[in-house]
Amino acid sequence: MAQKTEAIELFRDPIISAANLTDDQRWQIALAKDRRYDGAFVTGVHSTGIYCRPSCPARAPYRKNVRFYVGAADAEAAGLRACKRCSPNTQSAEEACVLAAIAAIRERVADGQGALTLDQLADLTGYSPTHFQRLFKRTVGLSPAAFARALRESRVRGALEDGVSVTDALYQAGYSAPSRFYNDTKDKLGMTAKDWARGGEGRLISWSVIETSVGSMLVAATQKGVCCLSFGEGEAELRARFPKAELLPADEEFRALFARVVAAVEEPSSDMSAIPIDVKGTAFQQRVWTALREIPAGETRSYGELAAALGNPNASRAVGGANGANNIAVLIPCHRVVQADGSIGGYAYGPQIKRELLRREGAEIERDADLLL
């Protein structure tokens, strides 16, 4: 079981530790039958006397009958026997092959080498390329190629934060040329690698403060898209966010874009996904921001639910941090994240604005005592 736990940690975000999961989080993982946590713990069902993997396809037991154990040995010491359906006390050949592939991909990225092809990975594991691709994606949640790209992009960002030059960071991460990195990341949230390294130096940002029915709204954008949307702020706050960028008053071209932003605030039914955005962030922040944009208008999620949707139930605090780092209100709808008990929770621009945004979208939320005073 130790080897399987290592496999889990290989592809889970480094901020997450399986050892720190709470029982409530383990229960949510078991209900979701999330196979990425197979090996991180086992689920003991004391009414039947068996223990299972988190992904066991059997019908969910009653919560009152369930206890969680670190591994098979602990469960068996408590008098439980292994489920014959999911075999939690053995490592399957499929799990072993995914573990081997993950280790090989990580080694290539760490050594700054190019990516392994699907055929090479299939040869390594003994499966056909098509079957291996399905198996890897089912287990990890990404294709082998997407997993390798995510590792390389993360390595680039880490190197840039450490002060490594853009060119050196790209080659150290295994990119054969800078163009390959830009091709990989051009459709994702975030500025270019040079922008990350220079803090926005050399960028032109057009901006305006617009009065809306919600309040005074600051909107700023680059040629790529909106890079800031906030309430009750002005030029000073914008300069604090982008100290090395050149700020310009919005011209006619940008006013047309800003009109679409205003419509998204005033009429929540409008298609916000069609409004281009340009925002920088870490790999984890960008994953959270993408997940926020996928929450339908009129619905809310708790921090725990959002973390679980990202495959990391123990990342509630990290999700909250990514929410707080969001510079683009409404278009990246962090106002749709509420407390686990349904209460409104915090918001950078005040609970009244958050409540109004949710009201316009038709979301049902609990009343907060501080707003009833």
Side-chain angles (χ1 to χ4, degrees), residues 156-157 160-161 163 165-167 169-170 178-179 181-183 185-268 270-282 285-286 288-290 292-293 322-335 347-350 353-354 357:
V156 169
R157 295 185 181 98
L160 290 173
E161 291 172 359
S165 72
V166 172
T167 300
L170 297 180
S179 60
F181 173 76
Y182 298 122
N183 286 336
T185 59
K186 65 182 179 181
D187 295 326
K188 298 183 178 180
L189 298 178
M191 299 182 182
T192 66
K194 189 171 291 185
D195 290 320
W196 297 330
R198 296 180 178 176
E201 182 180 1
R203 303 280 292 201
L204 298 178
I205 296 178
S206 296
W207 68 283
S208 182
V209 174
I210 305 168
E211 294 301 322
T212 73
S213 58
V214 179
S216 176
M217 182 175 73
L218 168 69
V219 187
T222 68
Q223 288 293 333
K224 292 183 178 181
V226 177
C227 62
C228 183
L229 192 161
S230 61
F231 295 97
E233 296 185 342
E235 183 177 359
E237 289 81 5
L238 185 62
R239 288 193 181 280
R241 283 189 169 95
F242 303 99
K244 297 183 180 180
E246 182 178 354
L247 305 184
L248 302 171
D251 57 18
E252 288 301 323
E253 176 186 358
F254 282 96
R255 289 195 187 100
L257 171 62
F258 292 176
R260 294 165 61 193
V261 175
V262 172
V265 174
E266 302 287 8
E267 304 170 16
S270 61
D271 184 9
M272 295 191 299
S273 65
I275 299 175
I277 64 175
D278 183 13
V279 57
K280 65 180 179 179
T282 66
Q285 286 171 339
Q286 291 183 115
V288 173
W289 296 339
T290 297
L292 288 172
R293 300 190 89 194
N323 260 25
N326 172 29
N327 285 330
I328 305 181
V330 183
L331 301 185
I332 298 179
C334 55
H335 62 277
Y347 192 55
Y349 311 111
I353 289 180
K354 181 176 183 177
L357 292 172

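- You'll find the side chain of Leu357 stays beyond 4.5 Å of the side chain of Pro333, heavy atoms only.
- Remark: Phe231 CZ to Tyr347 OH distance equals 5.5 Å, nearest 0.5 Å.
- Under the rule for a ring-ring contact (aromatic ring centres under 6.0 Å, His included), Phe254 has no partner lying at least two apart in sequence or in another chain.
- At distances below 3.5 Å, not a single donor-acceptor pair connects side-chain atoms of Asn327 with backbone N or O atoms of Arg241.
- Side chains of Leu248 and Ser206 form a contact here, defined as non-hydrogen atoms less than 4.5 Å apart.
- Remark: Arg203 CZ to Gln223 CD distance equals 9.5 Å, nearest 0.5 Å.
- Scanning both residues, Val209 and Gly234, for their nearest heavy atoms gives CG2-CA, 4.3 Å.
- Listed by chain and residue number, Gln285, Trp289 satisfy the side chain to side chain contact (heavy atoms under 4.5 Å, CB included) test with Ala325 (two or more places apart in sequence, or in another chain).
- Side chains of Glu266 and Ser213 form a contact here, defined as non-hydrogen atoms less than 4.5 Å apart.
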* To do: Run the numbers on Glu233 and Leu238 for side-chain contact (heavy atoms from CB on, under 4.5 Å), then give the verdict.
  => CA-CA 8 Å; Glu233 296 185 342; Leu238 185 62; over 6 Å; no
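- A search for ring-ring contact (aromatic ring centres under 6.0 Å, His included) contacts involving Phe258 returns nothing, not counting sequence neighbours.
- With values rounded to the nearest 0.5 angstrom, Leu292 atom CG is found 6.5 Å from Cys334 atom SG.
- Summarising the geometry, atom CG belonging to Asn326 is positioned 4.5 Å from atom CD1 belonging to Ile332; distances are rounded to the nearest 0.5 Å.
- No side-chain heavy atom of Met217 sits less than 4.5 Å from a side-chain heavy atom of Val330.
- Within the model, atoms OH of Tyr349 and CG of Leu218 stand 8.5 Å from one another, a figure rounded to the nearest 0.5 Å.
- Remark: the backbone N or O of Lys224 is paired with a side-chain donor or acceptor of Thr222 at under 3.5 angstrom.
- To the nearest 0.5 Å, atoms SG (Cys227) and CD1 (Ile277) are separated by 10.5 Å.
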